[in-house]
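In what follows, a structure is listed as structure tokens, so that the remarks can point back to it.
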Amino acid sequence: MGILKTDNPHNYSYINRHLEIHILGGIKFTNLERLRVTLSIKNPKQHHMLRHSIDLYNDNMVEKLVRKVAERIEMGTSIIRTTLQELISALEQYRINELQKEQEEGQIQVKTLSSKELRAAEAFLKSKDLLSKTNELIGQSGVIGEEINRLLMYLIFTSRKTNNPLHCISLGSSGVGKTHLQSKVAELIPDEDKIEITVLSANAFYYFNRTELRNKLILIEDLDGAESVLYPLRELQSKRRITKTVVHKDRKGTTKTIHLTVEGPVSVAGCTTQESVYEDNSNRSFLLYIDESEEQDKKIMHYQRAESAGQRNKQQEFESARFLRDVQRVLQPIAVRNPYAMKLSLPQSVFKPRRTNTHYLQFIEAVTFYHQLQREKKYDQQTGEEYIETTIEDIQAANELIKEVLLRKSDEITGACRNYLEELKKYLQTNKQTTFTALETRRRLKVKKTTQWRYHQQLIESHYIKKLRKKKGETIIRYEITNPNEYKELEKTISAALQECIHKITASGGSPRSTVPVRSTTETEQTTT
């Protein structure tokens, strides 16, 4: 038996005491039904050489080659035939090993928690003030500021394990850290549960395996780079499955129609600067507006300086992220029921209330799901389904986190335009002014002329600002804010509406009536005994 050497990928060698064979150009790892190679064969004791291209899986071609080699180098056909069969077996095994190695390298290794790690994660999930402690750990993992957004995003990513996953879109101007926030929070999710996408072709989603995306987190760096897949992505969000019909030819050449189906549910997160362009996707998602304030700028720049000076504890950041990934692995799929749902209602000012109401209820379920180790497991006596129930504390926590989202959902203008208007209000209040000019505020707020023009058009159409009549001798247009307190009034309205929901629940004693007979875990154990 000879030895197959593959050190040189362009020139394999197989040498035994009878023949020296070189495989020029190596072999292909596709088309496993063929083994097409170019061989260089010679007798080590002679100078005669034969070069020949052949499919080693074609027996007739191999037999002709045996006779041709025997004639050229003057050697018995049995020796040549045996050597070629040994070579074919060696190449087959080599190809199988390489394909298996490639497959193993492509697979994400799923971590198995040790008993110590499991106990630590379970103890954390059972701890008091779980959301506050989680937010603190997110900060320790390297996410600077964005206290509300980062916890919201983490809970939305956690909802991928439920039957009703949530979705989010991070919005903000270029360079404010949308992608950075998303990627840092995504580091807290196990690798086996997420798929990160930069650019995707139009049909890419249809060629995943049927269940490959089920309960996965799909991360899109920039929605501008995924425009071609936004439609199937929306369908996957809404219907939890997508199907494409294509024409396919089988081995016999017969044309058949086949259906490519990919199943969800999935949780989708993306970033963009263009809120109005992706309105259909925005309607299905939580809109997280990145903090562009001076205070946030200072926090980030301080972190950057500390990191450059080597004053950041990178080990602590790594350990915090690793621990939160362990926590995610402990969470198990379980149904959530909200017995207080009939007493919850949204403020009348919210746009598209039907879809927003669904998001509101699903977010409360996500908060309950994260507290699953603190909730008693119950069983439906009719179906046997295991589930946990939402508590008043879950609703209160969800209301505090979702307040800003509902506030933005109730706003008539886009988030970028709202940020401009609020900065404008601060500027006028600081300088004790009631009117302003476009040039003056453009310089103070550092806004481009074309961008400011778009904001002003939107604000005038929505009656947030108005043009003032020019006085004699004036050449510059002056503007005035119609109601400086409108956003605070809207915020109070939403807060009052959410608080009213809690009041209704507590006024009724906080013990909702259950229309479905259930059994608790304890009762089930007693029945079994």
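In this text the structure is predicted, and so the values were computed from the model without any measurement. Worth knowing before you read on, the calculation uses all heavy atoms, side chains too, and leaves out hydrogens, waters and symmetry mates.
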Problem - Non-hydrogen side-chain atoms of Asn135 and Glu147 separated by less than 4.5 Å - result: yes

Problem - Qualifying residues under side-chain hydrogen bond (donor to acceptor under 3.5 Å, both in side chains), relative to His259, sequence neighbours excluded - result: Thr245

Problem - Minimal non-hydrogen separation, Lys68 against His52, with atom names - result: NZ-ND1, 4.1 Å

Handout entry: Side-chain ion pair, Glu317 and Lys314, N-O less than 4.0 Å
Key = yes

Exercise for the section: Let me see the working for Arg408 and Glu404 under salt bridge (Lys or Arg N to Asp or Glu O under 4.0 Å), right down to the final yes or no. Expected result: CA-CA 6 Å; Arg408 295 285 190 168; Glu404 179 68 20; 3.2 Å; yes

Handout entry: cation_pi(Arg312, Tyr303) dist<6.0 Å, angle<=45
Key = no

Exercise for the section: For the pair Glu389 and Arg375, find out whether any cationic side-chain nitrogen is under 4.0 Å from an anionic carboxylate oxygen. Expected result: no

Practice task
For residues Pro232 and Ile242, report the shortest heavy-atom separation together with the two atoms involved.
Solution key: O-CG2, 3.4 Å

Exercise for the section: With rounding to the nearest 0.5 Å, note down the distance linking CD in Glu365 to CG in Asn163. Expected result: 9.5 Å

Practice task
Starting at CG of Leu181, measure out to CG of Leu288 and round the result to the nearest 0.5 Å.
Solution key: 8.0 Å

Problem - Flag for Thr83-Asn16: side-chain donor and acceptor within less than 3.5 Å - result: yes

Problem - Pairwise side-chain contact, Thr368 with Gln372, heavy-atom cut-off 4.5 Å (strictly under) - result: no

Problem - Check ion pair Glu235-Arg241 (N to O, under 4.0 angstrom) - result: no

Practice task
Give, for atom CD of Glu307 and atom CG of Asn313, the distance between the pair rounded to the nearest 0.5 Å.
Solution key: 12.0 Å

Handout entry: Smallest separation among heavy atoms of Leu188 and Lys184, with atom names
Key = CG-O, 3.8 Å

Exercise for the section: Could you walk me through whether Glu86 and Tyr14 pass side-chain hydrogen bond (donor to acceptor under 3.5 Å, both in side chains), step by step? Expected result: CA-CA 9 Å; Glu86 291 173 357; Tyr14 183 84; 3.0 Å; yes

Problem - Arg34 to Tyr57 six-membered ring, cation-pi geometry met (6.0 Å, 45°) - result: no

Handout entry: Distance-only polar pair, side chains of Gln100 and Arg95, donor-acceptor under 3.5 Å
Key = no

Problem - Side-chain ion pair, Asp222 and Lys178, N-O less than 4.0 Å - result: no

Problem - Donor-acceptor side-chain pairing of Gln315 and Glu319 below 3.5 angstrom - result: yes

Practice task
Determine, using ring centers only, whether His359 and Phe286 are less than 6.0 Å apart.
Solution key: yes

Practice task
Taking only Lys NZ, Arg NE, NH1 and NH2, and the carboxylate oxygens of Asp or Glu, determine whether Arg329 and Asp193 approach each other closer than 4.0 Å.
Solution key: no

Handout entry: Electrostatic pair Arg150-Glu187, nearest N-O below 4.0 angstrom
Key = no

Problem - Over 12 foreign heavy atoms within 6.0 Å of NZ, Lys299 - result: yes

Problem - Approximate separation, where rounding is to 0.5 Å, of Ser40 OG and Glu20 CD - result: 8.0 Å

Practice task
Answer yes when Glu117 and Lys111 have at least one side-chain N-carboxylate O distance shorter than 4.0 Å, and no when they do not.
Solution key: yes

Handout entry: Nearest-0.5 Å distance that lies between atom CD1 in Ile364 and atom CG in Asn338
Key = 5.5 Å

Practice task
Report yes if the side chains of His371 and Asp394 come closer than 4.5 Å at any heavy-atom pair, otherwise no.
Solution key: yes

Practice task
Would you mind reporting whether Gln328 and Thr158 have side-chain heavy atoms less than 4.5 Å apart?
Solution key: yes

Practice task
Answer whether the closest heavy-atom distance between the side chains of Ile148 and Leu401 falls below 4.5 Å.
Solution key: yes

Practice task
Nearest 0.5 Å please: distance from the CG atom of Leu236 over to the CD atom of Glu263.
Solution key: 10.0 Å

Handout entry: Ring geometry between Tyr154 and Tyr370 (parallel below 30°, tilted from 30 to 60°, perpendicular above 60°)
Key = perpendicular

Handout entry: Arg240 side chain to Asn164 side chain, donor-acceptor N/O pair below 3.5 angstrom
Key = yes

Problem - Close side-chain approach of Tyr12 to Leu91, heavy-atom, < 4.5 Å - result: yes

Handout entry: Side-chain heavy-atom pair Ile189, Arg160 within 4.5 angstrom cut-off
Key = yes

Practice task
Could you tell me whether the side chain of Ile23 reaches within less than 4.5 Å of the side chain of Leu87, counting heavy atoms only?
Solution key: yes

Problem - Aromatic Tyr206 / basic Lys244 pairing, under 6.0 angstrom, 45° off normal - result: yes

